[in-house]
Peer 1: 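Structure below; questions to follow.
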Amino acid sequence: MKKLIGVGIGAALLFAVVGFSFAEISEYTQVVRNRVHNGVKEAIPMSVEIDRLEVLLGKLNRQVASQKYLVAKANISLQDAELELQRQESKSNNLLTEMKHLRGWLDASEYATIKVGCQKVNKDDISQALRHKLAAWKESTATTEACAAAVTAQKQAVVALNKQFTEWQNQRKLLGHRLEKLKAQAVAQQLKQRTTLPELDQSDLARANELADEIEKEIRIAEAQEALGTDPLDQLLDEELTEDTTSLEAEIDAILGKKTLVSSEG
């Protein structure tokens, strides 16, 4: 690893020395990395990619339980939040009912002491109790409103989560069907390649036939040329040679005959 880092640093320094900027070095590095990645990717057989897809699908299948747990947990949390909102609303309603009773008692205690349960209370006691109930009701109402807003937001999030989980499940199941289809297509392709006969290399045979055709053509031309007979120019030359030979022979015979005749007379 250290050696590779050293080589990389050395290459970067070399590029920098010859005038390349760091931006250019980064771009060339990206280009080399992309080409190496594409080259390796193209060299990977299709069967290996199918096996890789099956590994990914197995990983998704193992995530089903954890995904379901998250969705179920979110749904239960929403249910708890809704129950808490109901409790807060009930508490606020109870406080409001109690304030109505106290308000009625306050009017009744304007002229006399009233008896509440086993105790006798006067107007001041009722006013103090009413003041505490009012403060508690205001606090409960604020809590209820905050809880209602939180429940609304949580409900929207849970609805989105359930929708996302449903889509995830559908995509996972569809991916399983696609994997089986791809396996079948790959097997069919392999069988097709096995049953396809290899093509013979006929380039040398074609060249040999072409050469034989050329030779045959040359022979036919020579035969046709011979069938045309002697060329007129050649015939004229032959006639001139024949005439010259005849004249020469006659001239020699005449000379020899004359010499023979002279020798006989003498």
Side-chain angles (χ1 to χ4, degrees), residues 1 3-58 174-256:
M1 186 65 182
K3 185 177 181 180
L4 291 176
I5 294 175
V7 171
I9 295 175
L13 292 176
L14 178 61
F15 280 124
V17 169
V18 297
F20 287 94
S21 65
F22 286 104
E24 291 174 330
I25 295 173
S26 176
E27 292 166 358
Y28 280 121
T29 302
Q30 184 67 31
V31 169
V32 172
R33 184 170 60 183
N34 292 340
R35 291 194 175 184
V36 171
H37 176 270
N38 293 335
V40 174
K41 191 76 174 178
E42 292 175 357
I44 297 176
M46 186 60 63
S47 59
V48 175
E49 293 292 359
I50 293 178
D51 292 342
R52 177 168 169 258
L53 178 58
E54 189 171 7
V55 170
L56 289 175
L57 183 59
L174 179 61
L175 189 60
H177 295 311
R178 291 181 64 187
L179 176 61
E180 296 302 324
K181 182 179 179 180
L182 290 173
K183 285 183 177 180
Q185 290 177 342
V187 171
Q189 184 66 25
Q190 290 177 356
L191 292 176
K192 183 178 178 181
Q193 292 176 354
R194 292 174 184 175
T195 55
T196 302
L197 295 177
E199 295 183 358
L200 298 177
D201 185 6
Q202 299 184 1
S203 59
D204 292 338
L205 179 61
R207 291 173 57 247
N209 285 326
E210 183 178 357
L211 179 58
D213 292 340
E214 292 179 357
I215 295 172
E216 183 179 1
K217 184 177 180 180
E218 292 295 333
I219 293 174
R220 289 171 58 199
I221 292 174
E223 291 176 347
Q225 184 178 2
E226 291 179 358
L228 291 176
T230 307
D231 189 75
L233 180 60
D234 294 338
Q235 185 177 1
L236 179 60
L237 293 175
D238 291 339
E239 291 176 354
E240 290 179 355
L241 289 175
T242 303
E243 292 177 356
D244 292 343
T245 304
T246 304
S247 300
L248 178 61
E249 292 175 353
E251 185 177 358
I252 293 175
D253 290 340
I255 294 172
L256 291 176

Peer 1: For the residue pair K183 and I50, what are the closest heavy atoms and their distance?
Peer 2: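 Shortest heavy-atom separation between K183 and I50 comes out as CG-CG2, 3.9 Å.
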Peer 1: Quick check for you: to the nearest 0.5 Å, what is the distance between E180 atom CD and L182 atom CG?
Peer 2: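 One finds 9.5 Å between CD of E180 and CG of L182.
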Peer 1: How many angstroms lie between CG in L179 and CG in L175, if you round to the nearest 0.5 Å?
Peer 2: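 So the CG of L179 and the CG of L175 are separated by 7.0 Å.
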Peer 1: Tell me, please, which residues at least two apart from Q185 pass side chain to side chain donor-acceptor pair (under 3.5 Å).
Peer 2: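 Side chain to side chain donor-acceptor pair (under 3.5 Å) list for Q185, sorted by chain: empty.
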Peer 1: Can we say R52 and E49 salt-bridge, meaning some charged N sits less than 4.0 Å from an Asp/Glu carboxylate O?
Peer 2: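 Looking at R52 and E49, the cut-off is met.
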